[in-house]
Amino acid sequence: MSVMKNFLNVILILCVCLNWCFTEGVAEKKESGKVDSYTFQVSSLFPSSSSCVLSSKASNTKSSLRVVHMHGACSHLSSNKDASLDHEEILRHDQARVESIRSKLSKNNADGVSMTKSTKLPAKSGITLGSGNYIVTIGIGTPKHDISLAFDTGSDLTWTQCKPCLGSCYSQKEPIFNPSSSSSYHNVSCSSPVCKNGTTCLDSNCVYGIVYGDNSFTRGFFAKERFTLTNSDVLDNVYFGCGEYNQGLFFRTAGILGLGRGKLSLPSQTATTYNNIFSYCLPSSASNTGHLTFGSAGIVSKSVKFTPVYSFRSSPHYGIKIVGISVGDKELEITPASFSTNGAIIDSGTVITRLPTKVYAELRTVFKEKMSRYKATSGRGIFDTCYDFTGLDTMRIPKIAFSLGGGTVVELDKIGMVLYPFTRSQVCLAFAGDDDHIPAIFGNVQQKTMEIVYDVAGGRLGFAPNGCS
Ligand SMILES: *[C@@H]1O[C@H](CO)[C@@H](O)[C@H](O)[C@H]1NC(C)=O
Ligand SMILES: *[C@@H]1O[C@H](CO)[C@@H](O)[C@H](O)[C@H]1NC(C)=O
């Protein structure tokens, strides 16, 4: 009897192991052929990762930059090489970003870039800035000076801290860019058409200012410079902000790479070179790498499914339409009214997807039903639905899928797109409800490992699975 039991156990272990050699998750199919749930190894939530695993994609694709998580083993900005993320800090930062989006949209302070005199710079310091969690390293100036920037689909103007830091600079990991040692740097004059709306001038030079909703800010010269994305992608006369007065907690990055919809964003400025198309893949964990690719090289042929993208109240954000959400075999009751008041955006810098309170409540109810076999545990921060997986090897979670405008369905088929792991004994549903004064935000946890194509010129946004590998 016990021999038989052992034999079965061995078979079981072998099966689990074999599955794992080939796929990350095992889809459970119903008779209809539809996938309703996935089985994952609990350990896959916690990559054993003091070292960085490089994806080959960025180096193989033209016009492609390597993307890393700010706080992980792949980031040279991180001092914390054991890759144990400071979740509280990440989540506090995330809430600050959501507040910032709310504040920008409600003030109708359009793109958050203001060149007017009325820009008041607050004097408080040590405030967090919701600038996103993923960074790329680019070269600026001649000779090229490398800087790591948080890339942000919610910002237009790219900026970096500049010497001599006339006002003040926060502490960054790399040396601060010094425009006076670059031969390709040019101040933009106040008489220039791009500075037309800018009434702030200093020695007849155009001055920009960006104030974030959480009171972080950057201010300095609006300038032109050479940007080196890759050896073969050198862009001259890119407008950017040379920040001489910067405050906030930018996690030691040198500034922000603006990927928004506005005229001053990098994709808009380089439209003649890259057709206003870019794509990225955010890595599955902080110890893997992804990519940010300019131009259409990142479009993986037929597997990309497109949805229309909309301008969002003249902000830099990319608006999308969420028309349905399913959890396992159950469709949530989403009516056109569920999202209509504030709409929805996709954002590279928001971590956790925010849904209108009612929609989130329904998602949670169905998810809990499907997860009833697991031990529930206490919530944490914005999370109210958490599980204790201690002692379990595998878990089965219902498939969550978003239906977007144009009939595109985005399936969250990786465990890390649905659950946020603190410890084995506290793994939480990675969604949150927020009151109705912000748009719904499709956050970066839910975007991980997908190739996401921003075809701005074509007015569409594309999704394909497995974009990083
Ligand atoms: C840009 O303007 C600032 C402020 O007037 C000045 O200090 C700096 O030398 C100028 N840089 C160039 C390259 O003209
Ligand atoms: C200046 O502002 C006007 C009105 O707000 C706008 O139409 C125009 O495009 C702006 N010019 C620039 C160069 O941004």
Side-chain angles (χ1 to χ4, degrees), residues 111-123 125 129 131 136-150 152 155-212 216-231 233-248 250 253-258 260 262-266 268-270 272-273:
D111 52 2
V113 179
S114 159
M115 294 201 192
T116 63
K117 233 182 224 147
S118 62
T119 302
K120 283 209 185 72
L121 298 181
S125 65
L129 171 90
S131 60
V136 290
T137 303
I138 63 163
I140 183 170
T142 312
K144 175 171 91 76
H145 175 97
D146 282 346
I147 49 173
S148 294
L149 305 175
D152 186 3
S155 293
D156 285 331
L157 188 67
T158 295
W159 63 267
T160 186
Q161 300 200 99
C162 282
K163 278 186 177 169
C165 299
L166 291 174
S168 66
C169 286
Y170 58 84
S171 137
Q172 71 177 50
K173 177 86 178 185
E174 295 142 334
I176 292 172
F177 176 60
N178 186 353
S180 70
S181 56
S182 168
S183 62
S184 47
Y185 176 89
H186 300 285
N187 284 327
V188 170
S189 140
C190 278
S191 58
S192 158
V194 283
C195 194
K196 204 165 53 185
N197 293 346
T199 51
T200 306
C201 287
L202 191 65
D203 301 338
S204 78
N205 293 316
C206 190
V207 169
Y208 79 96
I210 304 174
V211 180
Y212 297 92
S216 312
F217 63 85
T218 173
R219 188 174 201 190
F221 295 109
F222 186 59
K224 279 193 296 190
E225 202 22 307
R226 168 176 289 180
F227 276 55
T228 303
L229 303 182
T230 70
N231 290 340
D233 296 85
V234 180
L235 308 161
D236 279 314
N237 295 321
V238 175
Y239 291 107
F240 79 109
C242 204
E244 293 271 358
Y245 188 17
N246 318 288
Q247 274 186 23
F250 296 83
T253 58
I256 286 178
L257 184 71
K263 277 185 289 192
L264 287 175
S265 77
L266 195 62
S268 301
Q269 286 195 58
T270 58
T272 53
T273 311

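Order of listing sets the numbers, starting from 1, for every ligand and every atom in it.
Counting heavy atoms from C-beta outward, F221 and Y185 have side chains that approach closer than 4.5 Å.
Interface of N205 with ligand 1, defined as ligand atoms under 4.0 Å from a residue heavy atom, comprises 1 (C), 2 (O), 3 (C), 4 (C), 5 (O).
How far OG1 of T160 is from NE2 of H145: 7.0 Å, rounded to the nearest 0.5 Å.
Remark: C206 SG to C190 SG, distance not under 2.5 Å.
From the protein, the heavy atom lying nearest to atom 14 (O) of ligand 1 is N187 ND2, 3.3 Å. If you check which protein heavy atom lies closest to atom 13 (C) of ligand 1, you get Y185 CD2, 3.8 Å.
At a cut-off of 3.5 Å, with distance as the only test, no side-chain donor of T253 or S148 sits close to an acceptor on the other residue.
Within the 4.0 Å cut-off (strictly below), no protein heavy atom is located near atom 9 (O) of ligand 1.
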